[in-house]
Q: 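Quick one: the structure is below, questions incoming.
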Amino acid sequence: MERSTAGWGSGLLGVIIFSGSLPATRLAVLDLSPLFLTSARAVIAALLGAALLATLRQARPARSDLASLIIVAAGVVVGFPLLTALALQHITAAHSIVFIGLLPLATAFFGVLRGGERPRPALWLFSLIGAATVAGFALSQSGAGSLTGDLLMIGAVLLCGLGYAEGATLSRRLGGWQVISWALLLSLPPMGAIMLFTLPSQWSVVGTPAWLGLAYVSLFSMLIGFVFWYRGLALGGIAGVSQLQLLQPFFGLLLAAWLLHEPIAWTMIASTVVVVACVAGAKRFS
């Protein structure tokens, strides 16, 4: 029970931190290309992660862990950041945030495939209700988004769910911050090369909001958030704790309205209320 409570508490902190990711990305892509943003955030976080690994003298992962670390890197270091950055060139941050309601279903699904978990049927029901609500919102808001942006967000969610589940399984052996740090370090060479090839041609046109957005996604979204999130998933269970992501649209919509002054339609609020209500049911049957 104590492990479960600690897992849900740690997972909630991770969700709160991740809630600022899409608004921050939206600010950054106003002046920075998606490829540069994706690679730069990975490089910055990788250097910080490498410093932590060296300072605390962490042992290298076993060779058998390499495939899992590659999956984590492909999902959360490259796939999700790049696809969301591309999507946010077509849709608003507020519109994209509601797609995060699909993450619990994706994470739970990959938790079964990769983590060997067997959630109770009631948990799947609540997760499906949340996912269906998000899908219904997306279909009703064609004017607020675009098919390209929506498809990119769906792809981002699938890759992220895979990376979350794989990382959580690996965290049981290596530890949460160690997993994301090793995954970042593994992706450093290609991300470093991409960053150098996609440097802004004119630094003077990059405004302060874009730099602040890059700083947030590099430090919090790419590193600190995963310390709490992977610990939460490992302690509380992937399928159960992943349902906390249903709260992320609520926090994210507030940030989008506050920081970006984006309009919040009543359908967004209604969708968020429904998916938030699913968290209580999911936690009870996890």
Q: State yes or no: do V112 and L128 share one hydrophobic cluster built from I, L, V, M, F, W and Y residues joined by side-chain heavy-atom distances below 4.5 Å, directly or via other members?
A: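 Yes, V112 and L128 fall within the same hydrophobic cluster.
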
Q: Taking only residues two or more places apart in sequence or in another chain, which ones pass side-chain hydrogen bond (donor to acceptor under 3.5 Å, both in side chains) with S171?
A: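 Once residues adjacent in sequence are excluded, S171 has no partner under the side-chain hydrogen bond (donor to acceptor under 3.5 Å, both in side chains) criterion.
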
Q: Between Y216 and I16, what is the shortest heavy-atom contact and its length?
A: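 Closest approach of Y216 to I16: OH-O, 4.5 Å.
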
Q: Looking at every heavy atom in both L214 and A40, which two are closest together, and how far apart are they?
A: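 Taking every non-hydrogen atom into account, CD1-CB, 4.0 Å.
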
Q: Can you name the residues that form a side-chain contact (heavy atoms from CB on, under 4.5 Å) with A62, not counting sequence neighbours?
A: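 Partners of A62 under the side-chain contact (heavy atoms from CB on, under 4.5 Å) test: S64, D65.
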
Q: The criterion is side-chain contact (heavy atoms from CB on, under 4.5 Å); which residues satisfy it with V78, sequence neighbours excluded?
A: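 Per chain and number, V78 pairs via side-chain contact (heavy atoms from CB on, under 4.5 Å) with M191.
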
Q: Going through the checks in order, is the side chain to side chain contact (heavy atoms under 4.5 Å, CB included) test met by V157 and I154?
A: CA-CA 5 Å; V157 163; I154 291 173; 5.7 Å; no

Q: Show the atom names and distances, to 0.1 Å, of all donor-acceptor pairs under 3.5 Å that link a side chain in residues 45-57 to residues at least two apart or in another chain.
A:
from: T55; atom 1: OG1; to: A51; atom 2: O; distance (Å): 2.7

Q: Going by side-chain hydrogen bond (donor to acceptor under 3.5 Å, both in side chains), name the residues that satisfy it together with Q58, two or more places apart in sequence or in a different chain.
A: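 Only Q178 meet the side-chain hydrogen bond (donor to acceptor under 3.5 Å, both in side chains) criterion with Q58.
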
Q: Side chain to side chain contact (heavy atoms under 4.5 Å, CB included) between M153 and L83: does it pass, once the steps are laid out?
A: CA-CA 7 Å; M153 283 303 304; L83 293 182; over 6 Å; no

Q: Restricting to side-chain hydrogen bond (donor to acceptor under 3.5 Å, both in side chains), what partner residues turn up for S33, sequence neighbours left out?
A: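 Testing S33 for side-chain hydrogen bond (donor to acceptor under 3.5 Å, both in side chains), a comparison that skips the adjacent residues, returns none.
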
Q: Run the side-chain donor-acceptor check on residues 221-236: report pairs under 3.5 Å with partners two or more places apart or on a different chain.
A:
from: S221; atom 1: OG; to: S21; atom 2: OG; distance (Å): 2.6
from: Y230; atom 1: OH; to: G163; atom 2: O; distance (Å): 2.9

Q: Whether the side chain of R41 engages the backbone of V77 through a donor-acceptor N/O pair (distance < 3.5 Å, no angle test) should be reported.
A: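 No; zero donor-acceptor contacts below 3.5 Å.
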
Q: S19: what forms a side-chain hydrogen bond (donor to acceptor under 3.5 Å, both in side chains) with it, not counting sequence neighbours?
A: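 Applying side-chain hydrogen bond (donor to acceptor under 3.5 Å, both in side chains) to S19 gives none.
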
Q: To check you understand the geometry: which heavy-atom pair defines the closest contact between I194 and L35, and what is its length?
A: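 The answer is CG2-O, 4.1 Å.
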
Q: Hey, could you give me each pair passing ring-ring contact (aromatic ring centres under 6.0 Å, His included) that has a residue in residues 34-80? Not counting sequence neighbours.
A: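 Those involving residues 34-80 do not exist here.
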
Q: So, does S10 use its side chain to make a donor-acceptor pair with the main chain of A6 at under 3.5 Å?
A: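 No, because the side chain of S10 does not come within donor-acceptor range (under 3.5 Å) of the backbone of A6.
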
Q: Output all residues satisfying ring-ring contact (aromatic ring centres under 6.0 Å, His included) with F109, sequence neighbours left out; order by chain, then residue number.
A: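 None.
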
Q: Among pairs that include at least one residue of residues 185-212, which meet side chain to side chain donor-acceptor pair (under 3.5 Å), considering only residues two or more places apart or in two chains?
A: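 Qualifying pairs: none.
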
Q: With sequence neighbours excluded, tell me which residues meet side-chain contact (heavy atoms from CB on, under 4.5 Å) with L162.
A: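 Result, side-chain contact (heavy atoms from CB on, under 4.5 Å) vs L162: I71, F110, R114.
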
Q: Can you name the nearest heavy-atom pair linking A42 to L184, along with the distance?
A: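 Taking A42 first and L184 second, the nearest heavy atoms are O-CD2, 3.9 Å.
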
